Number of protein chains: 4
Amino acid sequence: MSSEFGNKLKLSIFGESHGKAIGCVIDGFPAGVKLDMDKVYMDMSRRAPGKDKSATPRLEKDIPHILSGVIDDVTTGAPLAMVIENTNTKSGDYSNLMTIPRPSHSDYPAYVKYEGCNDVRGGGHFSGRLTAPLVFAGALAKQVLKAKGITVGAHIAKIGSVQDNMFDKNNISAQLLDDLSSMPFATISPASQEKMRALIETARLEQDSVGGIIECAVTGLPVGIGANIFSTVESHLSSILFGIPAVKGIQFGAGFDFADMTGSQANDAYCIKDGDVSLLSNNNGGVLGGMTSGAPLVLSVAIKPTPSISQPQKSVNLQTMEEEVLIIKGRHDPCIVPRAVPVVECAVAFALLDMMM
Amino acid sequence: MSSEFGNKLKLSIFGESHGKAIGCVIDGFPAGVKLDMDKVYMDMSRRAPGKDKSATPRLEKDIPHILSGVIDDVTTGAPLAMVIENTNTKSGDYSNLMTIPRPSHSDYPAYVKYEGCNDVRGGGHFSGRLTAPLVFAGALAKQVLKAKGITVGAHIAKIGSVQDNMFDKNNISAQLLDDLSSMPFATISPASQEKMRALIETARLEQDSVGGIIECAVTGLPVGIGANIFSTVESHLSSILFGIPAVKGIQFGAGFDFADMTGSQANDAYCIKDGDVSLLSNNNGGVLGGMTSGAPLVLSVAIKPTPSISQPQKSVNLQTMEEEVLIIKGRHDPCIVPRAVPVVECAVAFALLDMMM
Amino acid sequence: MSSEFGNKLKLSIFGESHGKAIGCVIDGFPAGVKLDMDKVYMDMSRRAPGKDKSATPRLEKDIPHILSGVIDDVTTGAPLAMVIENTNTKSGDYSNLMTIPRPSHSDYPAYVKYEGCNDVRGGGHFSGRLTAPLVFAGALAKQVLKAKGITVGAHIAKIGSVQDNMFDKNNISAQLLDDLSSMPFATISPASQEKMRALIETARLEQDSVGGIIECAVTGLPVGIGANIFSTVESHLSSILFGIPAVKGIQFGAGFDFADMTGSQANDAYCIKDGDVSLLSNNNGGVLGGMTSGAPLVLSVAIKPTPSISQPQKSVNLQTMEEEVLIIKGRHDPCIVPRAVPVVECAVAFALLDMMM
Amino acid sequence: MSSEFGNKLKLSIFGESHGKAIGCVIDGFPAGVKLDMDKVYMDMSRRAPGKDKSATPRLEKDIPHILSGVIDDVTTGAPLAMVIENTNTKSGDYSNLMTIPRPSHSDYPAYVKYEGCNDVRGGGHFSGRLTAPLVFAGALAKQVLKAKGITVGAHIAKIGSVQDNMFDKNNISAQLLDDLSSMPFATISPASQEKMRALIETARLEQDSVGGIIECAVTGLPVGIGANIFSTVESHLSSILFGIPAVKGIQFGAGFDFADMTGSQANDAYCIKDGDVSLLSNNNGGVLGGMTSGAPLVLSVAIKPTPSISQPQKSVNLQTMEEEVLIIKGRHDPCIVPRAVPVVECAVAFALLDMMM
């Protein structure tokens, strides 16, 4: 029942969508790290709404205020606390959600679990807005990783029927990942991007929404991070990634495609390259026996369509226990996938740094 | 770097494949539970090798010896320790693996990580054999859940190109799950089972192996287990499931199929049924906002083909740093999927009981 | 290396003495608790400096701003974040402490550990000021405990040679504890208080400081909280209490006096009282086998004299590695014990509530 | 409710006094450590009963069987499991304890907590016998520490009215600690030992028991282990030490004597010695701001008299709820303090190694 993640590097996230503020405490961040706050703002900006038509027009000034753990942009080793004030919220839009749960949202189980005490405005503590502190924390982690030669990047692999080019799993350049990390709508193929944007616009006009798949990769990881059984890289990464609202599936390397492969097709054989051990393929997505193998880490996550759509939906009134038709007002993304790209990147970075400390 | 799982109900697994013994300590198991050891043996027997041609002929007498925490088959509330002695092991078969890592196994990263100190015989602590204590622990958890009206069951959804019938996500009977839990080769459709067996036998004759997908469901769960952000049901279950060797993907409900759906297709609307809140569909697989929704929990995991195949494979000699061709001797399953079914069931049961305590 | 405490109820404290703010996140606090903020302010006020001559004249407006987890003074079940802004700080006073460590303070080991990156102003994250969020968290916990009939209270048992009356360990009234909890300088005997105040004033005039002992008791606890080995009540309470700066010893019941007792003197025999099991004495301080026994919980902690004294002290310059005489300027308490009383109460309350959830 | 300790180095203890076996799993122990099992046996032998008249004549063959994590006396990095079979137990002696709780034992709260399901034979999981695995684990930790130049040792500081010489806190040699660690009845002064033995024998003849104080020191620790607030060295050490049955108090350095000191007397000033920072006194017992200071770590723990005495004691029958006189049969130590010395040493060693990993 905890909003905390991490073993040695701990992230504690707090806040409700329409409360006073959201934020986080990062405990265990190394001392003496010079932070590039512009890069942090850039990742937060990629996650923030209102960038283009694919996102909600609601404007959020997600300015992170650091309260502790940093002096003159250098970390002190003490817990790093950050707060983002909530502004520009329209709580009135959510008034009828108190009693009529939105389909595919947390509303109904939260109502049962908290017996009506939880903050329901904008989803409260269950809101996607709570990923802002996660991006903040991961953006800091990315800088520590970068100093070790480790690069994290992600792109939109698929939205609806439109596919982007996929990573060449055994041959990914840090430059490509950096390029993707600077794009507000990250795709490898510009043509795919256009088609995806069109598809999202269609969904918006139909008062509907669409889901998608994000593919993420990490280069430069040393061999042997993670361990077996309950400390696998896959366990740790999936644990944080399933903390992102709307994520409903995770796979590493070939993932679910392994079901159609034989061992002789699937196995990643070894060779010697430049005097060092290397792999001839990377179907395992850079993880063997729960540990990093030296090949790029490659994973993908499935994102469900934004559940908040403006079409009338069947629901129930939890007070009267009668069926009702729900019309969700307010401003909602027809597709959350582009904004989820930096969240996936940052979650992966944070979990990896935790495992490396 | 830990072989431990759980917050309130803790599982600590130990042992190496060809060492003296494997086992576990379960800390936090409730006092006063009358154990049905026959049911525990049955789950362990389903996981054990040598049942039929689809598995390795190596005979293991996986007899769990309970050392503490139980008197006259009733739990005392103290830590429950269990030991399985290792017998009938042929360590000689693995001698050349000391220096030549098996492709797609833990050998290479473990060699780097432990600097050659780890036990490599049979995969050591990374062996699939270490899932025996996990099944033991989960089999106990299943009995506590059953007493609460909660039933866990799984089946082989796919092996290679052969598909089984899938669960009707919003309409799964406890009886079906119980039936599947009693089958050594669990499929819903008998016809699918025959085709799968044939496919595995073909792989065996070709000195190859095949992967697959396991679908697991849980009925009877109360609404509101789990929480948001880092305590989601998906986070906790994926964390334990990725501890099972060969699992490379996990999805809940529609999972990766969400990418092809619109919100109006994907959303699970509410209705009133028998005076209570019910769902009209279950694309979310029984989890909303990280919490159980009252609908059956439905997830599936991807299992990669057994990496140990008898065909010659390219590898390297870690001492001489020269490329070598590796021939893996010993006895290996051409398909691990049937034996992984009870492991998935038991892992899910253990993680759920932990969340409910 | 963590500023976190708790298993089910987690407290994460952040901030530096002279930074922007200090505060905490409480994760796992139950939903639906109506908070009495006046009582919280009262406990924080007892800890705050400047109350009388026994404390530093530095004025702190320790106003806790709750950012999340509470609506209309009722908890929502989401993480409860609280921030106190730092004002009225004089960082200049500490400038020479950068290189010359104050004796018996954290300065020197922190300098070595953080390689000079830590915030040294006012002790930074090591400052006693960081107990303000601990008092806030414990004050909330006290309210939950009170609703269960559990009362926590403490008094100054000793300062220098002056002793207060001690608790009658097997006969402590909730009323006495409540009375002590409302006193800014908590003693059972008014005469002892006068003598203690005089002794502190003498130390102040001599530019010196004095230490003392605080005795704390809890009534109304059910039997069986805690467990054996590493989950004893004593382990959990000592773990949080040694987090209070200046605490250097802890004992339960007769504590160190047990060394002078025989078993026949020390053992707490049982009797039947009002139809229930009761104890004839309480040398064990309410804890048997690591669990609460039903008798009042009684513990005492030793507080060392405030290390910051104005007299010249021998120290070293960490830059030049030469010996130097240090004169500590600034405003410091000649005795921290009176202000530590609510801190001990609140730490005990928080740890007990964590064990009861 | 857990029998686990540690963050990075985890110890999970299991077993009941008169069950099949006791033991532990150590998770996170470094790979590649060559173990000297003779030294481990020596520490376990010092804890074992039956050495001389000061201990119970019950003979235990506490032979630790290592099941995993070690090959040819070298650790593999995998969890290290150890089992000690229980032999020579006389359960009959404890039959009437099922319903009549022994004063100052865990019997009564355990009865309430576990509702009669816990194993009461010989104290079950609450028995002092469970310190054997703790000694085993700590004895391994001591070897890792020794290789880093860190030495742990302890002695009986006091039994009843007889005092041993105390450590010179700022001047303790590793040789003295090693010498103490090899003694079955560890005192600095031989004369004190004789008087203590006589006092114990008197207690034995009077069917009574006596308590005492153990002082423990550690030399060679680097500066900066531990951290502030909830990760102090004192918090971590007290947390494990209060897991030893009969420990009722802990103090570091001057401890409770700080109450009688002024700051000018108590403060540990700095000097330069051999070109490095050194302390002129060590009243803080080697811990400043929760971190090691470079001076020897010095702590002492209070041990209550063995509660099991043969004299008639007042108790109650939990079935009939009537008062009864209890006569405890069986074999019991008139003084547990000498056997607790290696337990304290090993607990301290284990907790320190955990903090250093």
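Here the structure is a predicted model, which is why all the values come from computation and not from measurement. A note on names: the letters A, B, ... follow the listed sequences, proteins ahead of strands, and every chain is numbered from 1.
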Exercise for review: State which residues pass side chain to side chain donor-acceptor pair (under 3.5 Å) with B/D43; sequence neighbours excluded, sorted by chain then number.
Suggested key: B/R46, B/K142
Check your understanding: Taking side chain as C-beta onward, heavy atoms only, is B/H125 less than 4.5 Å from D/S68?
Key -> no
Study note, to complete from the structure: Heavy-atom closest pair (D/V25 atom, B/F14 atom, distance to 0.1 Å) is CG2-CD2, 3.5 Å
Review point. So which part of D/I13 gets closer than 4.5 Å to some heavy atom of chain B, the side chain, the backbone, both or neither?
Key: backbone
Exercise for review: Find the distance between CD1 (B/I84) and CG (D/L67) and round it off to the nearest 0.5 Å.
Suggested key: 12.0 Å
Practice item. Name the region of D/E4, side chain, backbone, both or neither, that has any atom closer than 4.5 Å to a heavy atom of chain B. Key: both
Practice item. Decide yes or no on side-chain contact (heavy atoms from CB on, under 4.5 Å) for B/I71 and D/E16, but give the supporting numbers first. Key: CA-CA 10 Å; B/I71 296 182; D/E16 282 126 340; 5.5 Å; no
Check your understanding: For D/I22, is it the side chain, the backbone, both or neither that has a heavy atom under 4.5 Å from a heavy atom of chain B?
Key -> neither
Practice item. Could you please state which residues from residues 29-39 of chain B sit under 4.5 angstrom from chain D, measuring non-hydrogen atom to non-hydrogen atom, sorted by number, or 'none'? Key: B/A31, B/G32
Practice item. Return the option, out of B/G23, B/G69, B/G116, with the maximum number of heavy-atom pairs under 4.5 Å with chain D. Key: B/G69
